[in-house]
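Note sheet for the following structure.
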Amino acid sequence: MKAKPFIVGFLVVVAAIAAFSIYLSSIVDRTEKSIAAVLSPDKKMKAVKLSLSGGGKSPFCLDSISVMLSAYPDEFAESRKEYVIYSAPCGRSADGAPLPKIEWHSPASLQVFYAASAAKKLKMKEMDVTNSVLVTFVARD
């Protein structure tokens, strides 16, 4: 007979947790994520652009670029911070094109065009984690 109150109590706790979870998911804004990869000319490396944005009460938009071996999954750009060579708020050029823009010039040379307006909160590295790709940065208005 003592099992019945325990089961009822357990079901009440589960129902309360489910209700709280549903309530929380309805008030929390979702973060939008987009990932785009650009392969190097020899296809051994890739530059992965990760964009995170959210609206609501405090809107934000952040871009980062990671350089890694092409065999690695693109999701490493989100979880492995040692590959990040660029990080800044999202930007646009004067003609409205989204920045940053990635261009490979050779298997060991990558160029990143970024919004000059993002320069205050910009984080850049001129070499990737493997020290095999030289990265140059060009500010665009």
Side-chain angles (χ1 to χ4, degrees), residues 2-141:
K2 292 186 180 189
K4 189 175 182 179
F6 175 76
I7 292 172
V8 171
F10 177 75
L11 291 176
V12 168
V13 169
V14 168
I17 290 172
F20 180 73
S21 177
I22 291 169
Y23 168 74
L24 193 59
S25 69
S26 70
I27 64 167
V28 173
D29 292 324
R30 300 275 184 225
T31 299
E32 297 293 322
K33 172 176 68 171
S34 70
I35 298 176
V38 180
L39 287 173
S40 64
D42 66 356
K43 302 198 182 344
K44 290 182 180 177
M45 301 292 284
K46 64 181 170 183
V48 180
K49 179 182 172 185
L50 172 66
S51 297
L52 299 172
S53 62
K57 295 178 183 175
S58 56
F60 69 93
C61 184
L62 299 170
D63 284 325
S64 67
I65 298 173
S66 299
V67 176
M68 64 189 79
L69 293 171
S70 61
Y72 293 165
D74 292 349
E75 288 72 24
F76 271 23
E78 188 174 7
S79 62
R80 305 289 302 265
K81 300 304 177 199
E82 64 268 21
Y83 296 110
V84 175
I85 53 114
Y86 170 90
S87 177
C90 299
R92 294 202 172 271
S93 64
D95 64 359
L99 292 173
K101 182 181 172 192
I102 304 165
E103 287 183 7
W104 285 95
H105 292 284
S106 74
S109 176
L110 176 69
Q111 192 165 45
V112 175
F113 298 94
Y114 67 94
S117 60
K120 292 179 183 176
K121 297 181 181 181
L122 186 64
K123 295 178 184 174
M124 300 183 291
K125 292 182 186 175
E126 293 182 353
M127 290 295 284
D128 72 317
V129 72
T130 66
N131 289 325
S132 62
V133 177
L134 176 64
V135 183
T136 56
F137 296 93
V138 178
R140 288 266 171 97
D141 289 324

Find the distance between [atom1] ([X]) and [atom2] ([Y]) and round it off to the nearest 0.5 Å.
| X | Y | atom1 | atom2 | result |
| --- | --- | --- | --- | --- |
| Leu110 | Met127 | CG | CE | 11.5 Å |
| Ser34 | Asp63 | OG | CG | 7.5 Å |
| Leu69 | Asp128 | CG | CG | 8.5 Å |
| Leu52 | Ile35 | CG | CD1 | 8.5 Å |
| Lys81 | Ser66 | NZ | OG | 7.0 Å |

Not counting sequence neighbours, list each pair that qualifies as a salt bridge (Lys or Arg N to Asp or Glu O under 4.0 Å) and has a residue in [range].
| range | answer |
| --- | --- |
| residues 104-116 | none |
| residues 44-55 | Lys46-Asp74 |
| residues 31-41 | Lys33-Glu78 |
| residues 90-115 | Lys101-Glu103 |

Taking only residues two or more places apart in sequence or in another chain, which ones pass side chain to side chain donor-acceptor pair (under 3.5 Å) with [X]?
| X | value |
| --- | --- |
| Ser64 | none |
| Glu126 | none |
| Thr136 | none |
| Ser132 | Thr130 |

Q. Going through the distances and angles, do Val112 and Ile85 end up as a side-chain contact (heavy atoms from CB on, under 4.5 Å)?
A. CA-CA 10 Å; Val112 175; Ile85 53 114; 4.2 Å; yes
Under the side-chain contact (heavy atoms from CB on, under 4.5 Å) test, residues paired with [X] that sit two or more places apart:
| X | result |
| --- | --- |
| Ala108 | Ser106 |
| Met124 | Tyr86, Tyr114, Leu122, Phe137 |
| Ala36 | none |

Q. Can Thr31 and Phe60 be said to form a side-chain contact (heavy atoms from CB on, under 4.5 Å), step by step?
A. CA-CA 9 Å; Thr31 299; Phe60 69 93; 3.9 Å; yes
Please report the closest heavy-atom contact between [X] and [Y], naming both atoms and the distance.
| X | Y | result |
| --- | --- | --- |
| Pro89 | Leu62 | CA-CD2, 4.1 Å |
| Leu39 | Trp104 | O-CD1, 3.3 Å |
| Ala116 | Ala139 | CB-CB, 4.1 Å |
| Ser109 | Val133 | N-CG1, 4.4 Å |
| Glu82 | Lys125 | O-NZ, 4.0 Å |
| Ala47 | Ile102 | CB-CG2, 3.7 Å |

Q.
Tell me every residue that passes ring pair (Phe, Tyr, Trp, His ring centres under 6.0 Å) with Phe76, counting only those two or more places apart in sequence or in another chain.
A.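 Applying ring pair (Phe, Tyr, Trp, His ring centres under 6.0 Å) to Phe76 gives Tyr72.
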(Q) For the backbone of Lys123 and the side chain of Ser87, can you confirm whether one donor and one acceptor N or O come within less than 3.5 Å of each other? (A)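 No; judged by distance alone, with no hydrogens or angles, the pair does not exist.
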